[in-house]
Participant: 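Here you go, one structure.
Letters go in sequence order (proteins before strands), and every chain restarts at 1.
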Amino acid sequence: MENEELKRYWHTAAHVMAHAVKRLFPEARLGIGPATEEGFYYDFDMQESFSPEDLERIEKEMEKIIAEDLKLEKVEADREQALNILREQQEDYKIELVEEMADAEEITFYRQGEFIDLCRGPHMNSTGQIKAFKLLNIAGAYWRGDEKNKMLQRIYGIAFPKKKDLQEFLHRREEAKKRDHRKLGKELDLFSMHEEGPGFPFLHAKGVIVWNELVDYWRQLHRERGYEEISTPIVLNEALWHRSGHWENYRENMYFTEIDGNKYAIRPMNCPGGLLIYKSNQHSYREFPIRVAEMGLVHRHELSGVLHGLLRVRSFHIDDAHIYMLPEQIAQEVLGVISMAEEIYDTFGLKYRMELSTRPEKYMGSIEDWDRAEKALADALNKKGADYQINEGDGAFYGPKIDFHVQDCLGRSWQLGTIQLDFQMPQRFELTYVGPDGEEHRPVMLHRALFGALERFLGIIIEHFAGAFPTWLAPVQVCFIPIGENHIQYARKLSGELEALGVRSEVDDRDEKVGYKIRQAQNQKIPYMIAIGDREIESGKIALRHRKEGELGAWEFQDFKQRILEEIRSRKCEDV
RNA sequence: GCUGACGUAGCUCAAUCGGUAGAGCAGCUGAUUUGUAAUCAGCAGGUUACCGGUUCAAGUCCGGUCGUCAGCUCCA
């Protein structure tokens, strides 16, 4: 079924659900009930809250409505008629919608049996066309998405023309759950969260191995691309944040503290500290572009309800960089950053798309500067010939930005990298450089991140690889499995040889059967397992097993060393 | 922050109407010396998130706090 048709299907399913709810709970008032990217929902306003048992009752009633095979009839109405119908039904939310419609706008209702609903359509012909459906969950949602409004109850559901499709959908959901980085993080001993620090992740030893590999890779890439690396403090005097504009624009997300009676802030962004370094020296146009990177730890007060494993936290490391340059260097530098982002995402086999976000309501500086900055970013994207989407009003308060969005295994989209052009900070901090004319000028500044937040990136790749990291990232790369007691020493010798080459290797010398050790190594997603018994000691070969490819037979140890070293060196990424 | 649900051993879960908190896995000890996804036995493990209340008696009922989960809003 085509996307448009599927949405029509889901929209009709939403009407069937609303119909069922009105039959069971006549006092419920309707909000809106559209199709989404994956399914549908309908919002209801009702005194009591729906329980899971209610969902079952609603599902049963939906079955009835479907069995009745009611025709969906389009009913046109003028404004007065529409309001009359809605007033009679006391559908206050719908009345609000009609009242806001432009005069010229056509008003339509859809009727199925005794149920009639203000709706633009289109719909399926009859309720009987809905074959397989399921109500998934109940959640609160603000009327019109505004937290100042009343919270309604939203019921989510999914529907398909074939039972098989529904089963597949539910199966996919189960599989996605198995990949949840919070679950895998526990099972693989990568990280944990604790009540003592909600939103502040604890990385365990194995998590730190992955982390350090990511950072090593990041450093190498930045060296190659002409960046220098700095490190600046986490706690800085509040005055700095007044000057940067964060106090004014970002205060509600910041943590504050006091030292010797003076006010300090814990940084929510890295840039002001970096600017102080820039200002501690004179600069010449000849140095430009100056590319300065910092893996900077920031803290932000996020609402408690949004915290989510490593994907949404209150303290995280931004793989930040600031580029100081001449206005005419903007396009070239932006293109450089885009190409760097491509290289990184390709390394992990991640798909991404770009978005350009423009001036928000809360902004600093002049409109002319903003127009100039927005044009510069758009020019770079066009020069690249990139496909991109525009998000009006979604920019940072100091400048417009290009964002990189990556899709995870659940189909959720995450903002990772970002490129933000900034004419404001250089002014606020009075940054200068000496031009060819011997005069002082103001540089242009660009903020950018590629991983975005390293914590979030780690969470995403845990799910993306389902915990089976590429060998270069795997906390344990090789596990030796001695068959019996007599083979432990030899296994240790070989393992030591690998460790000497920088390979992370272990020997499972526990008194357990081979099958048990294999199972454990598989569950830990260790890329290579090597069984060592009498045969191997006699022949000098190893019995190799790969977590995905299974048994690889007898290998010369030398050949295996070459294989794994090459795999690590090239940061090979298996299919996921 | 808001709405709703949930919180029992390291993990996954059980405990009927309010009546002595249990099991599997993991851990420890012992036996076993193992050839490609779980060897057997024994032992230990708990202030049932926390605080308060009702009751002869609370994991269970009530109130509060904290946290988690599904969303909303917000965001790297």
Side-chain angles (χ1 to χ4, degrees), chain A residues 41 43 45 48-52 54 136-156 177 180 182-183 186-187 189 192-199 250 252-253 268-270 296 298 300-320 394 396 401 403-406 414-418 420 447-457 459-460 481-488 510-524 529-536 543-547 550-553:
Chain A
Y41 66 81
D43 288 342
D45 184 14
E48 294 126 86
S49 45
F50 292 117
S51 67
D54 290 335
L136 299 170
N137 50 35
I138 315 162
Y142 299 109
W143 167 239
R144 316 195 91 172
D146 188 334
E147 60 187 329
K148 289 184 202 80
N149 288 339
K150 183 164 184 187
M151 183 162 272
L152 311 179
Q153 297 185 68
R154 176 171 297 178
I155 301 180
Y156 286 89
K177 251 195 217 163
D180 192 312
R182 292 167 296 187
K183 183 176 148 75
K186 199 175 279 176
E187 287 171 5
D189 200 15
S192 56
M193 303 301 268
H194 301 272
E195 285 197 13
E196 289 80 354
Y250 210 71
E252 55 284 7
N253 283 300
M269 294 186 195
N270 302 308
V298 299
R300 297 183 185 175
H301 178 73
E302 300 293 342
L303 296 179
S304 59
V306 307
L307 301 177
H308 183 94
L310 292 178
L311 299 183
R312 193 68 189 275
V313 291
R314 282 176 172 160
S315 76
F316 54 99
H317 293 74
I318 300 177
D319 64 313
D320 224 334
D394 227 14
K401 57 181 186 169
D403 290 324
F404 296 88
H405 291 257
V406 165
W414 291 100
Q415 184 181 322
L416 293 189
T418 178
Q420 308 177 345
H447 311 241
R448 56 109 269 213
L450 303 172
F451 288 131
L454 208 47
E455 284 80 355
R456 176 180 286 183
F457 190 77
I460 288 170
I481 297 173
I483 307 292
E485 217 168 7
N486 304 330
H487 313 121
I488 292 176
R510 290 175 301 175
D511 176 17
E512 293 287 352
K513 292 192 165 178
V514 174
Y516 179 82
K517 294 183 189 178
I518 296 275
R519 182 181 159 79
Q520 299 251 308
Q522 284 286 154
N523 287 341
Q524 285 297 303
M529 288 150 269
I530 298 176
I532 296 294
D534 288 338
R535 285 208 292 272
E536 285 68 35
L544 188 60
R545 180 191 171 96
H546 184 265
R547 66 183 170 200
E551 285 188 66
L552 298 177

Participant: Counting the atoms with a prime plus P, OP1 and OP2 as sugar-phosphate, which does A/Ile481 contact under 4.0 Å by heavy atoms, base, sugar-phosphate, or nothing?
Facilitator: nothing
Participant: Would you call B/rC17 syn or anti, using the 90° rule around 0?
Facilitator: syn
Participant: Between B/rA15 and B/rA41, how far apart are the P atoms? Round to whole Å, please.
Facilitator: 26 Å
Participant: Take atom CD of A/Gln153 and atom P of B/rC2, then tell me their distance rounded to the nearest Å.
Facilitator: 17 Å
Participant: How close or far is atom P of B/rU73 from atom CG of A/Asn253, stated in whole angstroms?
Facilitator: 17 Å
Participant: side-chain hydrogen bond (donor to acceptor under 3.5 Å, both in side chains) between A/Gln415 and A/Arg456: does it pass, once the steps are laid out?
Facilitator: CA-CA 10 Å; A/Gln415 184 181 322; A/Arg456 176 180 286 183; over 6 Å; no
Participant: Taking atom CD of A/Glu147 and atom OH of A/Tyr142, what is their separation to the nearest 0.5 Å?
Facilitator: 5.5 Å
Participant: A/Asp534 near the nucleic acid: base, sugar-phosphate alone, or nothing, with a heavy-atom cut-off under 4.0 Å?
Facilitator: base
Participant: To the nearest 0.5 Å, what is the distance between CG on A/Asp320 and CZ on A/Phe451?
Facilitator: 13.5 Å
Participant: Which base, if any, makes a Watson-Crick or G-U wobble pair with B/rA14, both distances under 3.5 Å?
Facilitator: none
Participant: Nearest 0.5 Å, what's the OG1-NE2 distance between A/Thr418 and A/His405?
Facilitator: 8.5 Å
Participant: How would you label the contact of A/Tyr156 with the nucleic acid (heavy atoms, under 4.0 Å): base, sugar-phosphate, or nothing?
Facilitator: sugar-phosphate
Participant: In the strands shown, is B/rA38 matched to any nucleotide by a Watson-Crick or G-U wobble pair with both distances under 3.5 Å, and which?
Facilitator: none
Participant: Contact class for A/Ala543 (heavy atom, under 4.0 Å): base, sugar-phosphate, or nothing?
Facilitator: base
Participant: Heavy atoms under 4.0 Å, any strand shown: does A/Asn523 hit a base, just sugar-phosphate, or nothing?
Facilitator: base
Participant: Where the side chain of A/His487 meets the backbone of A/Asp534, is there a donor-acceptor pair that is under 3.5 Å apart?
Facilitator: yes
Participant: Write down the distance between CZ (A/Arg182) and C1' (B/rC11), rounded to a whole number of angstrom.
Facilitator: 16 Å
Participant: Need the pair for B/rC6. Rule: Watson-Crick or G-U wobble, both distances under 3.5 Å, any strand; none if unpaired.
Facilitator: B/rG67
Participant: Pick from A/Glu551, A/Lys517, A/Gln522, A/His546: which one makes a side chain to side chain contact (heavy atoms under 4.5 Å, CB included) with A/Met529?
Facilitator: A/Gln522
Participant: Ignoring backbone atoms, establish whether A/Thr418 has a side-chain N or O less than 4.0 Å from OP1 or OP2 of B/rA76.
Facilitator: no
Participant: Can you tell me if the side-chain N/O atoms of A/His308 get under 4.0 Å from OP1 or OP2 in B/rA70?
Facilitator: yes
Participant: What is the pairing partner of B/rC56, taking Watson-Crick or G-U wobble pairs with both distances under 3.5 Å in any strand?
Facilitator: B/rG19
Participant: B/rA76, OP1 or OP2 - any side-chain N/O from A/Lys401 closer than 4.0 Å?
Facilitator: yes
Participant: Quick check for you: among B/rA37, B/rG35, B/rA70, whose closest atom lies nearest to any side-chain atom of A/Gln522?
Facilitator: B/rA37
Participant: What is the distance, to the nearest angstrom, from the CZ atom on A/Arg154 to the C1' atom on B/rG71?
Facilitator: 8 Å
Participant: Output the single nucleotide from B/rA76, B/rG67, B/rG35 whose closest atom is nearest the side chain of A/Glu536.
Facilitator: B/rG35
Participant: Answer with base, sugar-phosphate or nothing: what part of the nucleic acid does A/Glu455 contact at a heavy-atom distance below 4.0 Å?
Facilitator: nothing
Participant: How many angstroms lie between atom CD of A/Gln524 and atom CZ of A/Arg547, to the nearest 0.5 angstrom?
Facilitator: 12.0 Å
Participant: Rounded to the nearest 0.5 Å, what separation is found between the CG atom of A/Leu416 and the CG atom of A/Leu450?
Facilitator: 9.5 Å
Participant: Which base, if any, makes a Watson-Crick or G-U wobble pair with B/rA44, both distances under 3.5 Å?
Facilitator: none
Participant: Given that A/His194 and A/Arg547 both sit by RNA chain B, which one's nearest nucleotide is further toward the 5' end?
Facilitator: A/Arg547
Participant: Report yes or no: is there a donor-acceptor pair, N or O only, under 3.5 Å between the side chain of A/Arg314 and the base of B/rC75?
Facilitator: no
Participant: Say we look at B/rA37 and B/rA49: how far apart would their C1' atoms be, to the nearest angstrom?
Facilitator: 36 Å
Participant: If each of A/Pro198 and A/Gly533 is mapped to the nucleotide of RNA chain B with the nearest heavy atom, which maps nearer the 5' terminus, i.e. the 5' end?
Facilitator: A/Gly533
Participant: Can you tell me, in whole Å, how much space there is between the C1' of B/rA14 and that of B/rA23?
Facilitator: 7 Å
Participant: Hey, is A/Lys401 close enough to A/Asp403 for a salt bridge, meaning N to O under 4.0 Å?
Facilitator: yes
Participant: If the C1' atom of B/rG10 is compared with that of B/rA44, how far apart are they to the nearest Å?
Facilitator: 13 Å
Participant: What I want to check is whether an N or O donor and acceptor connect the side chain of A/Tyr142 with the base of B/rG1 at under 3.5 Å.
Facilitator: yes
Participant: Scan nucleotides 24-27 of chain B against the protein and return all N/O pairs shorter than 3.5 Å with their distances rounded to 0.1 Å.
Facilitator:
unit_1, atom_1, unit_2, atom_2, d
B/rA26, OP1, A/Tyr516, OH, 3.1

Participant: When you compare B/rU16 with B/rC2, how far apart are their P atoms, in angstrom units rounded to a whole number?
Facilitator: 33 Å
Participant: Find the distance A/Met193:CE to B/rC69:C1' and express it as a whole number of Å.
Facilitator: 13 Å
Participant: Using the side chain to side chain contact (heavy atoms under 4.5 Å, CB included) rule, take A/Asp43 and A/Trp143 through it: C-alpha gap first, then chi angles, then the decisive distance, then the call.
Facilitator: CA-CA 8 Å; A/Asp43 288 342; A/Trp143 167 239; 5.7 Å; no
Participant: Could you state the CE-P distance from A/Met151 to B/rA5, rounded to the nearest angstrom?
Facilitator: 14 Å
Participant: With both distances under 3.5 Å as the test, what is the Watson-Crick or G-U wobble partner of B/rC72?
Facilitator: B/rG1
Participant: Report which part of the nucleic acid A/Leu136 touches: base, sugar-phosphate, or nothing (heavy-atom distance under 4.0 Å, all strands).
Facilitator: nothing
Participant: Look at the side chain of A/Val313 and decide which nucleotide, out of B/rC11, B/rA76, B/rA37, has an atom nearest to it.
Facilitator: B/rA76
Participant: Heavy atoms from C-beta onward define the side chain here; which of B/rG67, B/rA38, B/rC74 lies closest to that of A/Glu195?
Facilitator: B/rG67
Participant: Considering only the C1' atoms, how many Å lie between B/rU8 and B/rG24, rounded to the nearest integer?
Facilitator: 15 Å
Participant: Distance between the C1' atoms of B/rU73 and B/rU48, in whole angstroms?
Facilitator: 35 Å
Participant: So what does A/Gly145 touch, heavy atoms closer than 4.0 Å: a base, only the sugar-phosphate, or nothing?
Facilitator: sugar-phosphate
Participant: Could you check how far CD1 of A/Ile318 sits from C1' of B/rC75, rounded to whole Å?
Facilitator: 11 Å
Participant: Taking N and O atoms by type only, does the side chain of A/Arg300 place a donor or acceptor under 3.5 Å from a partner on the base of B/rC74?
Facilitator: no
Participant: Scan A/Ser304 against the nucleic acid and name what it touches under 4.0 Å (heavy atoms): base, sugar-phosphate only, or nothing.
Facilitator: base
Participant: Say we look at B/rC28 and B/rA9: how far apart would their C1' atoms be, to the nearest angstrom?
Facilitator: 15 Å
Participant: Do A/Glu512 and A/Gln520 come close enough that some side-chain heavy atom pair is under 4.5 Å?
Facilitator: no
Participant: Between B/rA76 and A/Gln415, is there an OP1 or OP2 to side-chain N/O distance shorter than 4.0 Å?
Facilitator: yes
Participant: Remember a base hit wins even if backbone is also touched, and classify A/Ala531 as base, sugar-phosphate or nothing at under 4.0 Å, heavy atoms.
Facilitator: base
Participant: In whole angstroms, how far is the P atom of B/rG10 from the CG atom of A/Asp189?
Facilitator: 15 Å
